[in-house]
Amino acid sequence: MYQKVKGFRDIYGLEARYWNKVEKVFRQTFRTFNFEEFYLPVLEKTEVFNRGIGSTTDIVEKEMFAFDDRDGTSVSLRPEGTASLVRAYVENKLFSTPGISKYYYIGPMFRRERPQKGRFRQFTQAGIEVFGSGGPSIDADVIYLLYKLAENLGIKDYVSMEINSIGCPSCRPAYNEKLIEYFKANIDHLCGDCLRRLDKNPMRILDCKNESCKKITADAPKAVDYLCDECKDHFEGVKSYLDALSVPYKVNPMMVRGLDYYVRTAFEMITDKLGSQSAVGAGGRYDGLIQLLGGPDTAGIGFAVGIDRLVSLCMLNETEKENDLDVFIISFKDVSDKTALKLANEMRSQGISVDMDYDFRKMKKQFSLADRYGALFTVVIGEDEAAKNTAAVKDMQAGTQEEIETAKVTAYIIDKLRRN
RNA sequence: GUGGCUGUAGCUCAGUCGGUAGAGUACAGGAUUGUGAUUCCUGUUGUCGCGGGUUCGAUCCCCGUCAGCCACCCCA
């Protein structure tokens, strides 16, 4: 028997229904914020990610599905969406459209990590990107959108929002110096991983979960205390707009970003309900990225959310009904099979969901099928009814039954459904 | 990439101190020749994850491997 590739999965049944619901809520919510859908390729030249995400990040260094195409160019399954979308934005010269650009995408991403709870090698992210606005009000609105998604999915009690500012190229180097200085003074308390981070990316030490490191990081210099005037004003602006929108949030000075392109505002929507995978959505500002990928100097901000994780959270509620069917037609071979088939499609063209037993089994069997599908109504066409050109329509919840002329069944059902 | 646990029927799991397996559920048929639940009867299904070793004999012991789960790491 064949097995799926490690870390990849099949999604069906109840989970697929939730998946559907989440995507629907996402598209509707994005629509209300005037975001436009962007369909992106799943495969990009590897350099897009090397340049965009940062060649020393873990994602690029050891998690990409990268391989050489037949002509020798290195290509990669995308590990995230932002670099691709920025590439597309620049390549299609969309920066010349008037005003700011707001796009969203939903689709599979690929990272070759060891699978565990809430983490798969193919996972789906939905994300948004805003190009062309550098002010703090869009930051707050984007964070509000992320919050709104959780609210619209009915899971806002499961998540919380944290924000931070990680500075910009003009203030971060000085802050990094301070950090390195501080950690070097406490170097014997750092774990092996953090020793390596010390030179490469000292901010990441703040994120370490090692107990001994945590003790030191608690008193480490904080980025928010070393922001330049512009960054400080920006961060204060973001907070005041968030307050105006009544978004519940917490400033977490320990929050950092794993991707190189982020500046200033960083935010995360986290949960404690998914084991060790706490992030369900995260994002930030990346003002230099568009230029880095060959475009004009354009401000950018965005976020990505993990659909797989969100679906898990939604399933905690267990409110999704199994029932999806309006009508089940019970019919019999050589008695009412053709009538049933015609009636089913007559109702379907009116938008009613209809199913039937194509094997025309015994009535009792057909009723239990109708029951299993959660049908609201059954339409029985047996010998008696067929002879009279009628059908027995049964309300499955009430248990009541009425005999209706076959030609009038569709109208009767529509009327009944409307009343419910 | 590192570590721990797990892998038996479609699903949940039991079991054999080493002698090639069983329950519940699900499914199919019937009791019930026109009505959903329950009940009762009958029936079907397994390369006991895969490969190798030890043994007269392995689903059980040993090694390897693959997959899953959980954690580290990383991240959405």
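Worth knowing before you read on, the calculation uses all heavy atoms, side chains too, and leaves out hydrogens, waters and symmetry mates.
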Margin query: What I want to find out is whether A:Lys148 reaches A:Glu151 closely enough, with some N-O distance under 4.0 Å, to be called a salt bridge.
Written below: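 Yes, charged N to carboxylate O under 4.0 Å.
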
Margin query: Determine whether a donor-acceptor pair (one donor, one acceptor, N or O, separation below 3.5 Å) exists between the side chain of A:Lys394 and the base of B:rG36.
Written below: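 Indeed, a donor on one side and an acceptor on the other fall under 3.5 Å apart.
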
Are [X] and [Y] close enough that a side-chain donor and a side-chain acceptor fall under 3.5 Å?
X: A:Arg348; Y: A:Asn345; answer: yes
X: A:Thr410; Y: A:Gln350; answer: no
X: A:Glu36; Y: A:Tyr103; answer: no

Next item on the list: Let me have a per-nucleotide readout for nucleotides 24-33 of chain B, 5' to 3', with B, S or -, counting only protein heavy atoms under 4.0 Å.
Entry: ---SSSSS--

Check: Where does RNA chain B form stems of at least three consecutive Watson-Crick or G-U wobble pairs, each pair having both distances below 3.5 Å?
Finding: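 In RNA chain B, stems of three or more pairs: B:1-7 with B:66-72, B:10-13 with B:22-25, B:27-31 with B:39-43, B:49-53 with B:61-65.
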
Next item on the list: Report the C-alpha distance between A:Glu402 and A:Tyr412 in whole Å, list the side-chain angles of each, state the deciding distance to 0.1 Å, and finish with yes or no for side chain to side chain donor-acceptor pair (under 3.5 Å).
Entry: CA-CA 10 Å; A:Glu402 275 188 78; A:Tyr412 175 85; 2.7 Å; yes

Item checked: Any A:Lys117 side-chain nitrogen or oxygen under 4.0 Å from OP1 or OP2 of B:rC70 ->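 Checking A:Lys117 against B:rC70: at least one side-chain N or O falls below 4.0 Å of OP1 or OP2.
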
For [X] and [N], what is the distance between atoms [atom1] and [atom2] respectively, to the nearest whole Å?
X: A:Arg9; N: B:rG68; atom1: CZ; atom2: C1'; result: 13 Å
X: A:Lys62; N: B:rG1; atom1: NZ; atom2: P; result: 11 Å
X: A:Lys6; N: B:rG1; atom1: NZ; atom2: P; result: 8 Å

